[in-house]
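When a ligand or atom number is given, it counts from 1 through the structure's own listing order. Just the heavy atoms: all of them, side chains too, but no hydrogens, waters or symmetry mates, feed the values below.
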Amino acid sequence: MTKVTTLGQFIIEKQADFPYAKGELSRLLRDIGIAAKIVNREVNKAGLVDILGDNGTTNVQGEGQKKLDVYADEQFISALRSGGECCVVASEEHDDCISIHSEISRNAKYIVCIDPLDGSSNIDVNVSVGTIFSIYRRTATEGAVKPDEILQKGICQVAAGYVIYGSSTMLVYTTGRGVNGFTLDPSIGEFCLSHPNMQIPRSGTIYSINEGNYIEFPQGVKNYIKYCQVEDRATMRPFTSRYIGSMVADVHRNLIKGGVFLYPTTSSHPNGKLRLMYECNPLAFIIEQAGGKASDGQRRILDIQPEGLHQRTPIFIGSTEMVEKVEEFIRTAEPHRVSAGA
Ligand SMILES: O=P(O)(O)OC[C@H]1O[C@](O)(COP(=O)(O)O)[C@@H](O)[C@@H]1O
Ligand SMILES: [Mg+2]
Ligand SMILES: [Mg+2]
């Protein structure tokens, strides 16, 4: 009989790795797991309940909010509020941070940055969507949380993860000691360890980019796409183009099969589209912990000093050899820009 390890059991077991641990981070991860199950329940029956479609509101990014964006946001914030381990939440769906003031969270140490529903354009068409979260520890021990405690570099994350609501629902996370994946078993309502110690292949044959923006891409990226499409059996080219349009799902596929996800600057998004604090940093932490790489074309994503909560960045993430190839094309195509950017 195969041993089933639930997320809760695994978190407790792993707590021993952290001699100073008092269970706060474990409880925080548990709270995120609970909210993920609630959101999963709605996602799974999205067509049957009034949760599809637009919410008729706009978020700080100027994007129309979907009903499920708002629902997921409410569920995660309420789980973090009632759990007592989180003092501040920074969400894609709110202009500013939300301070959690409650009796039980008086000594809360953790800051959570979250993209409650990733892949909003896919919600109404039954394509995989996700949730992305990043966790930091306060740098001060008391008093109100200061902005610099929230705008910490990605390397300071104590944990990060994502949930993917797809053909099955999975929660994948790291605390800086490898990456583990858990699949939700609806019959027992538990996330169970299904993908221990996930490792991304060093190289692959899949590239993921929205080629609809091709003419707006920097020359180096255009050259890389051409490189992927040229026939060369020795390097397994032409590579396969796969783009779901939900960052979580595209990065998850590449984590398992090998590949590279690219979202460069475009003329409509001159700083890139994806957000550093709650999309790029957490996924970069996961991919690096799984043996891969994530950069903005020059700099390691995790080394970027955040200046704003909703700051965007270009991102190239996935199998190390493929990300390095993209960087090489960017370096050689735009030497002038590299010297300026480096
Ligand atoms: O439609 P585009 O420009 O290719 O953008 C798709 C990207 O935008 C996103 O949907 C942005 O995330 P949100 O849905 O959380 O806003 C990513 O998941 C995805 O990779
Ligand atoms: Mg997103
Ligand atoms: Mg989102």
Side-chain angles (χ1 to χ4, degrees), residues 32 35-36 39 42-43 46 51-55 57-77 89-95 112-134 160-166 206-217 221 225 241-255 259-284 286-287 294 296 301 309-318:
I32 289 173
V39 171
E42 297 307 304
V43 169
I51 203 135
L52 289 179
D54 297 335
N55 195 59
T57 49
T58 306
N59 67 17
V60 61
Q61 342 263 334
E63 294 159 352
Q65 291 177 308
K66 297 279 186 182
K67 288 181 183 159
L68 208 49
D69 282 322
V70 174
Y71 178 82
D73 180 61
E74 287 162 357
Q75 294 312 316
F76 280 98
I77 292 174
V89 180
S91 164
E92 176 193 2
E93 303 308 333
H94 295 265
D95 304 19
V112 176
C113 301
I114 192 159
D115 176 356
L117 210 286
D118 179 63
S120 308
S121 63
N122 281 326
I123 293 172
D124 297 351
V125 291
N126 205 354
V127 170
S128 300
V129 292
T131 293
I132 314 173
F133 62 90
S134 166
Y162 60 82
V163 184
I164 177 164
Y165 311 100
I206 292 173
Y207 69 104
S208 335
I209 186 167
N210 182 345
E211 293 188 57
N213 299 329
Y214 183 84
I215 53 168
E216 300 180 30
F217 291 151
V221 174
I225 293 173
S241 171
R242 288 278 181 274
Y243 190 71
I244 297 168
S246 299
M247 186 184 189
V248 162
D250 281 309
V251 170
H252 180 74
R253 181 208 43 249
N254 296 346
L255 169 58
V260 60
F261 172 84
L262 309 89
Y263 209 110
T265 57
T266 61
S267 29
S268 40
H269 285 113
N271 302 316
K273 176 182 180 179
L274 301 166
R275 282 56 59 114
L276 179 63
M277 296 301 291
Y278 42 78
E279 290 171 321
C280 301
N281 269 337
L283 292 177
I286 292 254
I287 291 296
D296 68 356
I301 292 286
L309 207 46
H310 304 286
Q311 157 178 356
R312 300 173 190 262
T313 178
I315 184 164
F316 308 97
I317 180 171

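Using modelled atom types, one side-chain atom of D118 and one backbone atom of M247 make a donor-acceptor pair closer than 3.5 Å. A donor-acceptor pair is defined here as one N or O able to donate and one able to accept, closer than 3.5 Å; no such pair exists between the side chain of Q75 and the backbone of A35. Proximity of a side-chain donor or acceptor of R242 to a complementary backbone N or O of S208 within less than 3.5 Å is not detected.
The structure places NZ of K67 at 10.5 Å from OG1 of T57, a figure rounded to the nearest 0.5 Å.
Among the backbone and side-chain atoms of L117, an N, O or S atom lies under 2.8 Å from the Mg ion (ligand 3).
Between D54 and K66 a salt bridge is recorded (basic side-chain N to carboxylate O distance below 4.0 Å). Looking at R275 and E63, a side-chain N of the basic residue comes within less than 4.0 Å of a carboxylate O on the acidic one, giving a salt bridge.
With no hydrogens or angles considered, no side-chain donor-acceptor pair links T266 and N213 at under 3.5 Å. Side-chain atoms of N122 and S246 include a donor-acceptor pair closer than 3.5 Å.
At least one heavy atom of S246 lies less than 4.0 angstrom from ligand 1. Judged by the shortest distance from any of its heavy atoms, E279 lies inside the 4.0 Å radius around the atoms of ligand 1. Every heavy atom of H269 sits 4.0 Å or more from the atoms of ligand 1. Under a 4.0 angstrom heavy-atom cut-off, L117 registers as being in contact with ligand 1.
Among all protein heavy atoms, the one lying closest to atom 19 (C) of ligand 1 is G245 O, 3.3 Å. Scanning all protein heavy atoms for the shortest distance to atom 3 (O) of ligand 1 gives Y263 OH, 2.6 Å. Nearest non-hydrogen protein atom to atom 1 (O) of ligand 1 is K273 NZ, 3.8 Å. Ranking the protein heavy atoms by distance from atom 20 (O) of ligand 1 puts M247 N, 3.2 Å first.
Taking the Mg ion (ligand 3) as reference, the nearest N/O/S atom within E92 carries the name OE1. Note on E279: its N/O/S atom closest to the Mg ion (ligand 2) is OE2. Closest approach between the Mg ion (ligand 2) and any N/O/S atom of D115 involves OD2. Restricting D118 to its N, O or S atoms, the one at the least distance from the Mg ion (ligand 2) is OD1.
Taking distance alone, with nitrogen or oxygen atoms compared against 3.5 Å, S121 stays at or beyond that limit from ligand 1. Checked by distance only, ligand 1 and L274 stay at 3.5 Å or farther apart across all their nitrogen or oxygen atoms.
Put simply, the residue from I315, V221, D296 that forms a side-chain contact (heavy atoms from CB on, under 4.5 Å) with P264 is V221.
Annotation for ligand 1: atoms under 4.0 Å from non-hydrogen atoms of F261 are 20 (O). The contact set between ligand 1 and Y243, taken as ligand atoms under 4.0 Å from a residue heavy atom, comprises 2 (P), 4 (O), 5 (O), 6 (C). Per-residue contacts place N210 under 4.0 angstrom from the following atoms of ligand 1 (heavy atoms of the residue considered): 2 (P), 3 (O), 4 (O). Heavy-atom contacts of D115 reach the following atoms of ligand 1: 15 (O) (cutoff under 4.0 Å). Against a heavy-atom cut-off of under 4.0 Å, S120 is close to the following atoms of ligand 1: 13 (P), 14 (O). Shown in contact with R275 at under 4.0 Å from a heavy atom are these atoms of ligand 1, numbered in order with element: 11 (C), 12 (O), 13 (P), 15 (O), 16 (O).
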Given Q65 and N59, is the side-chain hydrogen bond (donor to acceptor under 3.5 Å, both in side chains) satisfied, shown in steps? CA-CA 6 Å; Q65 291 177 308; N59 67 17; 5.8 Å; no
TODO: Decide yes or no on side-chain hydrogen bond (donor to acceptor under 3.5 Å, both in side chains) for Q61 and E92, but give the supporting numbers first.
DONE: CA-CA 8 Å; Q61 342 263 334; E92 176 193 2; 4.7 Å; no
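Residue-level proximity to ligand 1 for Y278 is absent, since no heavy atom of it falls below 4.0 angstrom.
When every heavy atom of L274 is checked against every heavy atom of C280, the shortest pair comes out as CB-SG, 3.8 Å.
Between Y263 and F261, the ring-plane angle classifies as tilted under the 30° and 60° cut-offs.
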